[in-house]
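Have a look at the structure below, then the notes.
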There are 2 protein chains.
Amino acid sequence: MPYKEREIEKQYFTIGEVAAQFNVAPSLIRFWETEFEELRPRKSKKGNRLYTPADVETFRTIYHLVKERGYTIPGARDILKQRGPQLKEKIDVIQSLEKVRGFLVQLKKEVEAAGKAAG
Amino acid sequence: MPYKEREIEKQYFTIGEVAAQFNVAPSLIRFWETEFEELRPRKSKKGNRLYTPADVETFRTIYHLVKERGYTIPGARDILKQRGPQLKEKIDVIQSLEKVRGFLVQLKKEVEAAGKAAG
DNA sequence: CTAACCCATGCCGTACAAAGAGCGTGAAAT
DNA sequence: ATTTCACGCTCTTTGTACGGCATGGGTTAG
């Protein structure tokens, strides 16, 4: 992996960074962690929470439901749970999208080849 | 006005009847009255609450939002304020869209994971 | 030496329930 | 045929348990 890519893509966020991003207290994030099993980030050797962008998205969803749409915590939990059981359908969609991706990659090659031929 | 129409037209329920119908305490209905201006029934000379079928339907909507969907009272209030043509359908659409949003967020994660795995 | 950790406790509002009092109907007593 | 009174339902006011975090103590790593 080239130097530039390593620099640009930041692997993990600290709890303080996530808290600042949403303008909430770290204690809120820790509390929600006890309430939502979907929000359990990796931890460092020391024990510090390591939030991936996906974790942040999970937090954003919870934040949206609880703080913006006015759900109780149990209500938000129910909605998050409902997303799980559709996993089979998700996999099907993923496979479809992977085929589409393969098609686009092939298409790109051909387009590039055509461009070169055209000079 | 003929007798029959009078009978049909003015059928009121007492707070006890409404409470029994939803299996809740009358105190809950009175409390929600202080929280939702949409739930302000007529009162008799004595001061007793007189619930029309329309009032009962209003209560049913609030009950659905708060007790079944898990909204906070302010959250339910916000939805009630948006008095559109088909409130019930609107709620269903919102539910559907939230599910779709959750699905897409989850899908994005998995697609990213698949993308990395595929190189 | 700041920022994170965990844990316990503190705390304030939300969301009701209970308490206490009044009215109206109906059965019993006058 | 009134009076009584008790019972059930209602009313308003006041109390309270829990939800939803915040704060402080004691530590530890970067």
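All values reported here derive from a predicted model rather than from experimental measurement. Side chains included, hydrogens not; waters and symmetry mates left out as well; all remaining heavy atoms used. Just so we're on the same page: letters track the sequence lines, and every chain starts at 1.
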Separation of atom CZ in A:Phe31 from atom P in C:dC11, rounded to whole Å
18 Å
Identify the heavy atoms of B:Arg42 and B:Tyr12 that sit nearest to each other, and give their distance.
NH1-OH, 2.8 Å
Counterpart residues, salt bridge (Lys or Arg N to Asp or Glu O under 4.0 Å), relative to A:Glu68 (two or more places apart):
none
Sequence neighbours excluded, which residues qualify as side chain to side chain contact (heavy atoms under 4.5 Å, CB included) partners of B:Thr14?
B:Glu17
Any chance you could lay out the side chain to side chain contact (heavy atoms under 4.5 Å, CB included) test for B:Asp55 and B:Thr52, step after step, and finish with the verdict?
CA-CA 5 Å; B:Asp55 290 329; B:Thr52 66; 3.1 Å; yes
Residue set satisfying side chain to side chain contact (heavy atoms under 4.5 Å, CB included) with A:Lys45, at least two apart, ordered chain then number -> none
Does B:Gly70 offer a backbone N or O that forms a donor-acceptor pair with the side chain of A:Thr72 under 3.5 Å?
yes
Check residues 19-36 of chain A and write down every donor-acceptor pair under 3.5 Å in which the side-chain atom is one partner and the other belongs to a residue at least two apart or another chain.
from: A:Glu33; atom 1: OE1; to: A:Arg49; atom 2: NE; distance (Å): 2.6
from: A:Thr34; atom 1: OG1; to: A:Phe31; atom 2: O; distance (Å): 2.5
from: A:Glu35; atom 1: OE1; to: A:Arg77; atom 2: NH1; distance (Å): 3.1

Contacts of B:Gly16 and A:Pro26 projected onto DNA chain D by closest heavy atom; the upstream (5') one is B:Gly16
Give me the atom names and distance for the closest heavy-atom approach of A:Tyr71 to A:Ala76.
CB-N, 4.0 Å
Please determine whether a side-chain nitrogen or oxygen atom of B:Trp32 lies at a distance below 4.0 Å from atom OP1 or OP2 of C:dA15.
no
Please report, rounded to the nearest Å, how far the P atom of C:dC23 is from the CD1 atom of B:Ile15.
18 Å
Can you find a side chain N or O atom of A:Thr14 that sits less than 4.0 Å from OP1 or OP2 on C:dA4?
yes
Interface residues of residues 34-51 of chain A with DNA chain D (non-hydrogen, below 4.0 angstrom):
A:Lys46
From CG of B:Leu28 over to P of C:dT14, roughly how many Å is that when rounded to an integer?
16 Å
First and last nucleotide of DNA chain D, 5' to 3', lying under 4.0 Å from heavy atoms of chain A:
D:dG20 to D:dA29
